[in-house]
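As structure tokens, the structure follows; a few thoughts come after it.
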Amino acid sequence: MAQLWGGRFTKETNKLVKEFNDSLPFDKNLIEEDIEGSIAHASMLGKQEIIPLADSEKIVAELKAILEEVREGSFEIKEGYEDVHSLIEATLIDRIGETGKRLHTGRSRNDQVALDMKLYTRKKVKETSDLLLDLQKVLLEIMEENKETIMPGFTHLQKAQPVTLAHHVGAYFEMFVRDRSRLTDLYRRMNLCPLGSGALAGTTYPLDRDYVSELLGFDGPTRNSMDSVSDRDYIVDYLSALSLVMMHLSRFSEEIIIWNSNEYRFIELDDSYSTGSSIMPQKKNPDIAELVRGKTGRVYGSLMSILTTLKGIPLAYNKDMQEDKEPVFDTVITVNRSIELFAGMLSTMKVNKDVMHNSAGKGFTNATDAADYLVNKGVPFRDAHSIIGRLVLICIEKGISMDELELSEYRKISDVFEEDIYEAIALKTCVDKRNTKGAPGSEAIQEEIDFCRNYIAEECAK
Ligand code: ARG
């Protein structure tokens, strides 16, 4: 039995139609979820005496055996079935005969597939969240080791003000805090059980939907059967959250690529996370970062694909919804792998602290601090800005940094300058003094690092 219907048909399905319609080649991914859902459904049918208790027990026992085989890899997924639901039901009937035919009582593939996809997505949401936490652990290590690693902070990709690597990496830690909180939100929102909604209008059997929902670890049953079989919002939520994760990873990739470039040399990626060129022997390329950046497009594509698929579908179930699966499966693998690889790439890279420091020393990243020096001596900020601007110009002409400019030159522009200007514009001073909440100064960054450490401890304990 390769299909679950046929009684009212007088002709065989056209071969191309069957191929086009079948979803087993990809929904076999849902095999565990499908069996888990069926076990809960069959248990409830027995408890409610909708089918004889002995039958329910027999069905559950066989489904558990099949699940075991699937998990240990000995279950053969035979081709030809319409979908994973047909495959499991047919296998059950093959193995236990007539009793197996009672499993689908009070159920439709519409609520069945809605459940399977939810169970799958729920599992994957947790996986993504755990992987992000692992990545954050790597970020925290980098932060702890680089509280004093001064580097230029950029705006417009032009050197702006000195920061530290801990501060820069901490920015990504925060992005992933938000990404993880989005995953928590969507998990909470989606965690209602659609099973028991039937094809669209519920059923006349006395199903105990609360019981099934509890067995499967949901917060409760869904409230409207038509919505339940038609709802794929949570997939949009998930793909959208994953798109943001990729957007963050992609920005980070871009920075890693720049930092790893021959010109910057802020970092060096490990050999084990780089690749070579077939023609240019000297090359060591940051392919992983480039691929993560590239795959971001593919993930956005999946989000657009599901949004577009859903936009014109009338209530309730329509076959269009079968198109929700491949984008999700592809995206989950793409994103989860990207996060995992990113953690490995970052934990093995070498930080060239002196290159970063030297770079921060050039490009007048301390010019704002020089202006602030004048302000502290009573000069209005706008005047200070202009005085320092003129000094910067002099330095550019001389090809030197502000630290190298003689005090006499400073005093030609303003007699407010004294010997202590050099201390005021030293890179270390510029960074250390920035202690507003969230800034790179030593006290402020320590506060942020403490937050990150607590965050990880609390999240690990959940
Ligand atoms: N393969 C289908 C899907 O993924 C399962 C549900 C089929 N339901 C139906 N009424 N044909 O959506």
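For this chain, numbers begin at 1 and follow the sequence in order. Counting convention: from 1, in listed order, for ligands and their atoms alike.
Within 6.0 Å of atom CD in E443, 12 or fewer heavy atoms from other residues, nucleotides or ligands are found, so the atom counts as exposed in its surroundings.
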Pairs of donor and acceptor atoms involving the side chains of residues 137-144, under 3.5 Å and at least two apart or interchain, shall be tabulated with distances.
residue : atom : partner : partner atom : Å
K137    : NZ   : D134    : OD1          : 3.4
E144    : OE2  : R453    : NE           : 3.0
E144    : OE2  : R453    : NH2          : 2.7

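If you check the side chains of D34 and Q112, you find a donor sitting under 3.5 Å from an acceptor.
For Y264, the ring pair (Phe, Tyr, Trp, His ring centres under 6.0 Å) criterion is met by F266, not counting sequence neighbours.
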- Evaluate the ring-ring contact (aromatic ring centres under 6.0 Å, His included) criterion for residues Y120 and F329: first the C-alpha distance (whole Å), next the side-chain angles of each, then the deciding distance (0.1 Å), finally the verdict. CA-CA 10 Å; Y120 173 89; F329 299 156; 5.0 Å; yes
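For ligand 1, residues of the protein lying within 4.0 angstrom by heavy-atom distance are S23, D27, D83, H85, R109, N110, V113, Y317, Q322, K325.
Applying the salt bridge (charged side-chain N to carboxylate O under 4.0 Å, His left out) test to residues at least two apart or on different chains, the pairs with a partner in residues 301-322 are E82-K319.
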